[in-house]
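Here is the naming used below: chain letters follow the sequence lines, and residue numbers restart at 1 for every chain.
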Amino acid sequence: MTYSSVAKLIELQKRLSRRIVSSLKPMDTASIRRIVGLDAAYSKRYGGVAIAALTTRDGQLLTYSVALGEPPLQYIPGLLAFREAPLFYTALRLLDSNYDLVVVDGHGISHPRRAGIASHIGIAIAKPSIGVAKKKLYGHEQIVSEDCKPPCIAGYVVDEDTGEKLAAIVRTGRSKKSRLYVSPGAYTDLDSATTIVLELLEARKTPLPAPTYHADRISKTIARQLDSGELSPRSLKKRHRTLLDYI
DNA sequence: GCGACAG
DNA sequence: ATCTTGTCGC
């Protein structure tokens with residue numbers, strides 16, 4: 001990546017953020033039935049291993065799809081969407097199923113230009129999206145209740161200059177490290193996003209919201225099996241019998 | 001020059 | 001993200 005091409009992508013995000021921010025509004029959380037979790041791992045032989053895991057509202061895994069491919073870019077903080085989103089779009093098309101919301105491993109508007117990967121994806125597929133990251137990318141932390149009972153809201157990430165609330169800091173366990181940064185991607189707001197994520201954490205008692213937890217586990221397993229040779233890329237294209245076939 | 005820096 | 005064994009703690 002050259003400096004000028006990086007600048008181009010940053011400008012693209014600045015324009016995209018207009019649409020992202022204007023899409024942020026409370027959503028009808030009660031109408032959410034099916035949720036897709038998006039996460040990626042990396043295989044030495046085939047590159048990115050993107051997983052779209054379809055779950056029920058209570059975190060039950062119904063089915064999932066896999067997309068393999070060499071990422072078009074190296075990882076650059078703030079530009080993750082250009083590296084990983086393309087593979088997620090492929091995985092979502094392969095899923096060819098109905099869903100009401102996507103939860104992405106990474107940030108939504110808790111981003112220097114309000115254009116994290118979850119926001120890119122939400123706008124691209126025109127559906128509500130939520131970003132759930134393990135580490136902060138941008139903004140300042142305002143801790144409110146450091147010792148709340150997990151899963152709970154320990155505080156927020158706010159913009160230094162505007163004071164705008166960007167993400168909720170969710171405590172998922174007793175240790176200091178078990179925190180998540182929850183931010184709206186698109187077509188939802190911070191409160192709705194946080195409500196849903198807290199519910200998903202509660203449902204399965206997982207360290208990550210169930211949809212993303214499943215996607216994370218599956219992507220890592222497949223990446224490892226691909227590199228060890230016990231799994232071939234073509235075998236991934238086979239349609240497997242899943243819970244969806246029995247529902 | 002020194003931190004901060006999603007995955 | 002990934003490279004990696006033991007080890008501190010509940």
Visitor: May I ask you to check whether A:Ser5 and A:Thr2 show a side-chain donor-acceptor distance below 3.5 Å?
Guide: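 A pair is found: one side chain offers a donor N or O, the other an acceptor, under 3.5 Å apart.
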
Visitor: Please report the distance, rounded to the nearest Å, between CG in A:Asp227 and C1' in C:dA1.
Guide: 13 Å

Visitor: Please determine whether a side-chain nitrogen of the Lys or Arg among A:Arg217 and A:Asp39 lies less than 4.0 Å from a carboxylate oxygen of the Asp or Glu.
Guide: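 Looking at A:Arg217 and A:Asp39, the cut-off is not met.
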
Visitor: Within less than 4.0 Å of OP1 or OP2 of C:dA1, is there a side-chain N or O belonging to A:Lys44?
Guide: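 Result: no.
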
Visitor: Taking the side chain as everything from C-beta on, heavy atoms only, tell me whether A:Ile121 gets closer than 4.5 Å to A:Leu38.
Guide: yes

Visitor: Between A:His120 and A:Phe82, does the ring centre distance come in under 6.0 Å?
Guide: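 Ring-ring flag for A:His120/A:Phe82: true, centres closer than 6.0 Å.
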
Visitor: Just the dot-bracket of DNA chain C, please: which string comes out with Watson-Crick or G-U pairs under 3.5 Å, [ ] for crossing, | for another strand?
Guide: ..........

Visitor: Taking A:Gly78's backbone N and O only, do any of them form a donor-acceptor pair with A:Gln13's side chain (distance below 3.5 Å, no angle check)?
Guide: yes

Visitor: Going 5' to 3' along nucleotides 2-7 of chain B, which nucleotides have protein heavy atoms under 4.0 Å from the base (write B), which only from the sugar-phosphate (write S), and which from neither (write -)?
Guide: ---SBB

Visitor: Would A:Glu164 and A:Arg114 pass as an ion pair if we require N to O under 4.0 Å?
Guide: yes

Visitor: Rounded to whole angstrom units, what separation is found between the CZ atom of A:Phe88 and the P atom of C:dA1?
Guide: 11 Å

Visitor: Strictly below 4.0 Å, N to O, side chains only: are A:Glu146 and A:Arg171 in salt-bridge contact?
Guide: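 Salt bridge between A:Glu146 and A:Arg171, a charged N being under 4.0 Å from a carboxylate O: no.
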
Visitor: Before giving the answer on side-chain contact (heavy atoms from CB on, under 4.5 Å), spell out for A:Lys25 and A:Tyr187 the whole-Å C-alpha distance, their side-chain angles and the decisive distance to 0.1 Å.
Guide: CA-CA 6 Å; A:Lys25 62 180 190 304; A:Tyr187 304 108; 4.2 Å; yes

Visitor: For DNA chain B, just give me the dot-bracket, please: Watson-Crick or G-U, both distances below 3.5 Å, ( ) intra-strand, [ ] crossing earlier pairs, | paired with another strand, . unpaired.
Guide: .......

Visitor: Output yes when A:Arg83 and A:Glu70 qualify as a salt bridge under the 4.0 Å nitrogen-oxygen rule, no when they do not.
Guide: no

Visitor: Taking A:Glu11 first and then A:Lys14, would you say they form a salt bridge - that is, a charged N and a carboxylate O separated by under 4.0 Å?
Guide: yes

